[in-house]
Number of protein chains: 2
Amino acid sequence: MTTTLSQVAEQAGVSVSVASRSLNGHAKAYRISDETATRVKEAADMLGFRPSQTARSLRLKKTGLVGVVVPDLSNPFFASISQSIALSAEAEGYSVIVADSREQTEHEIRLLQQLEDRQVEALVVCPVGTESKHLQQINERGTPVVLADRTFPDCELLQVTSEHRVGAVTATRLLTTKGHRVIGVLQGLPGTLPNEQRLSGHAEALAEIGISFDQSLVMGNNFTETSGFESAMQLLADRPDVTALFAFSTPNAMGALRAAIKSERHVPQDLSVVAFDDSPYADLMNVPLTTVCQDVDGIGQLAADLVLRALTNSKGRKRKKRHDIKTQVIIRNSISSVKD
Amino acid sequence: MTTTLSQVAEQAGVSVSVASRSLNGHAKAYRISDETATRVKEAADMLGFRPSQTARSLRLKKTGLVGVVVPDLSNPFFASISQSIALSAEAEGYSVIVADSREQTEHEIRLLQQLEDRQVEALVVCPVGTESKHLQQINERGTPVVLADRTFPDCELLQVTSEHRVGAVTATRLLTTKGHRVIGVLQGLPGTLPNEQRLSGHAEALAEIGISFDQSLVMGNNFTETSGFESAMQLLADRPDVTALFAFSTPNAMGALRAAIKSERHVPQDLSVVAFDDSPYADLMNVPLTTVCQDVDGIGQLAADLVLRALTNSKGRKRKKRHDIKTQVIIRNSISSVKD
DNA sequence: ATGAAAGCGCTAACAT
DNA sequence: ATGTTAGCGCTTTCAT
């Protein structure tokens, strides 16, 4: 059914080695006569020969495969990152295997195992959970690993993420300068670095004006809309003195807007909202959202860049491990001054 | 560095065949003593043996790979489809290679070639362009191809898409029953089946009330926001008598909303808008959008199902080729009665 | 300038 | 119950 190299060789009346060399452009390096080379190429064309990548991979110990593991491919943030990797990889002749860990460490581990078995040459992972040991092990075993978004402190892997702390300081200042003093926080997944750094940035901005951080104003367990909605509902019920909300993700913020509607608070008159991360349609919302937005493409492209560089370059090169990508403030209309 | 089967065999003091059979659960089929089997497994564990999928693939002529080709992975619609395939495939032990064709046929062809060379066992493609020949050829050469979203008439491939025509009839009726007679259409990519079927459904709904379809009311060249915005601007300028817009995608609709703002028309008072396809936040828009929404997960899951079935089942089985997934109307607040 | 043959790591048909 | 060996399709060393 499928044509093999030896059939091409036979058709062209040469040996497999000559056929291989002719087709791989090693013709002159092996001083194969032009005439022979052409004959081989014609035979290959005629038979519709396509070299088996599987056989090649085995022989060359090079699969041309890059693995990508994300917690939720339907989340536009991770979809964009996957796309960046895919486009860069394709341009260099690599293919990318994507795997969706469904936010669960056990799946992540299983998928990584699978990818390692397939001998991907490098991995980009947006990890779940708070442990990086398994990732470091893979890296030590020889498959370069690049972390994106969810990174780890004290970790020797290449990492790309946003300036979460700085961004959160900015966001909170946006509120405090308008006089807000009781700010509810709709957090994402506790324990993840982005979440903790944003919390710490928030606390820092509060400290600047002499307010101490109040843990009871922090609610939520996930970057999802459900978490945002439920946290906002509870916060608005428990703490009627809250005048502003800081949502840690776009879905969190959407949940907050729904909660505001449901509890009959007008944004921004009765309640101010600021979100970490932007949605493409944030300006078309019933309340145009003020956001501190991440450079998603920047993160994806840098991750892609690092991973491909890891493939090409001398393995042992020393280079910067952590990369923190700047965020950008977009002022819209979801914040008002507190009235006293 | 990496352990091979023969090292395991040596360590366990058996031959490679026994090692292979023990580890693949063929122990009893080959009446290998339990004791031996255990010894092999222990050796494998001890050495951290992981069978090379590459070698396996070559030997078994089975790569365990499924290819997915989409026009734009950052589009939530295609991201969801890719996710469905990935999740289903992973559950069956397959891995998926995703490729992004950037809406260009030439890229699509190149990527498909690449995937075929990698000997993926099946393909799900959301094709670009109006030609299906290359896809049919792949299918005939032995790699089952399932088409999703962008399908083709008179095509023998398995296909999954929405009921575009029916959905469009519904959408247009939503407008005509409110008295709208001059309806602008913001179309997507002309020539694609979803686009043409929606046009035809639109014309059909107009015909029902004795209006003939006016081609000059149709604008746009893409499913993007830019296309939606520009088409709406032009339409509103050229045809001041337009009272309603029918947008063929969520991004098209967002463009329309921006155009409405820019040209100082209030939706729905001065202009009604209906969109084909829903956004998760459509209800939080400044104008909550009335939509005819596609069952994205339904499409993805069925496509995944068909493709995995094609791998498992007897190849020659006769089954339904085309699957049209129902759409659902979601009434919100972007349509008003025409005032006369 | 070309060919023979080894071998990548694995499975399975064929011994014994 | 276990071992030997061919071979999947390719690249490359080592002849010639």
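Values below: every heavy atom of this structure, side chains too, minus hydrogens, waters and symmetry copies. First the proteins, then the strands, lettered A, B, ... as listed; each starts at 1.
The shortest distance between side-chain heavy atoms of A/Phe49 and A/Leu23 falls below 4.5 Å. No side-chain heavy atom of A/Leu112 sits under 4.5 Å from any side-chain heavy atom of A/Glu116. Residues A/Gln119 and A/Ser57 have side chains not in contact (no heavy-atom distance under 4.5 Å, counting atoms from C-beta outward). The shortest distance between side-chain heavy atoms of B/Tyr94 and B/Leu65 does not fall below 4.5 Å. Looking at heavy atoms from C-beta onward, A/Glu42 lies out of side-chain contact with A/Gln11 at the 4.5 angstrom threshold.
In summary, contact between chain A and DNA chain D, defined as any nucleotide atom under 4.0 Å from a heavy atom of the protein, begins and ends at D/dG9 to D/dT13 in the 5' to 3' direction.
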B/Leu311 vs B/Val66, side chain to side chain contact (heavy atoms under 4.5 Å, CB included): CA-CA, chis, key distance, verdict: CA-CA 10 Å; B/Leu311 292 177; B/Val66 171; 4.1 Å; yes

Steps toward side-chain hydrogen bond (donor to acceptor under 3.5 Å, both in side chains) verdict (B/Ser95, A/Gln114): CA-CA 8 Å; B/Ser95 296; A/Gln114 212 171 288; 3.2 Å; yes

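Taking A/Arg110 as the reference, nothing meets the salt bridge (charged side-chain N to carboxylate O under 4.0 Å, His left out) condition, with sequence neighbours excluded.
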Letter per nucleotide, 5' to 3', of nucleotides 3-10 of chain C [B base touched, S only sugar-phosphate touched, - untouched; heavy atoms, 4.0 Å]: BB-BBBBB

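OP1 or OP2 of C/dA1 has not a single side-chain nitrogen or oxygen of A/Thr36 nearer than 4.0 Å.
At a threshold of 4.0 angstrom between heavy atoms, the contacts of B/Ser57 with the nucleic acid are absent.
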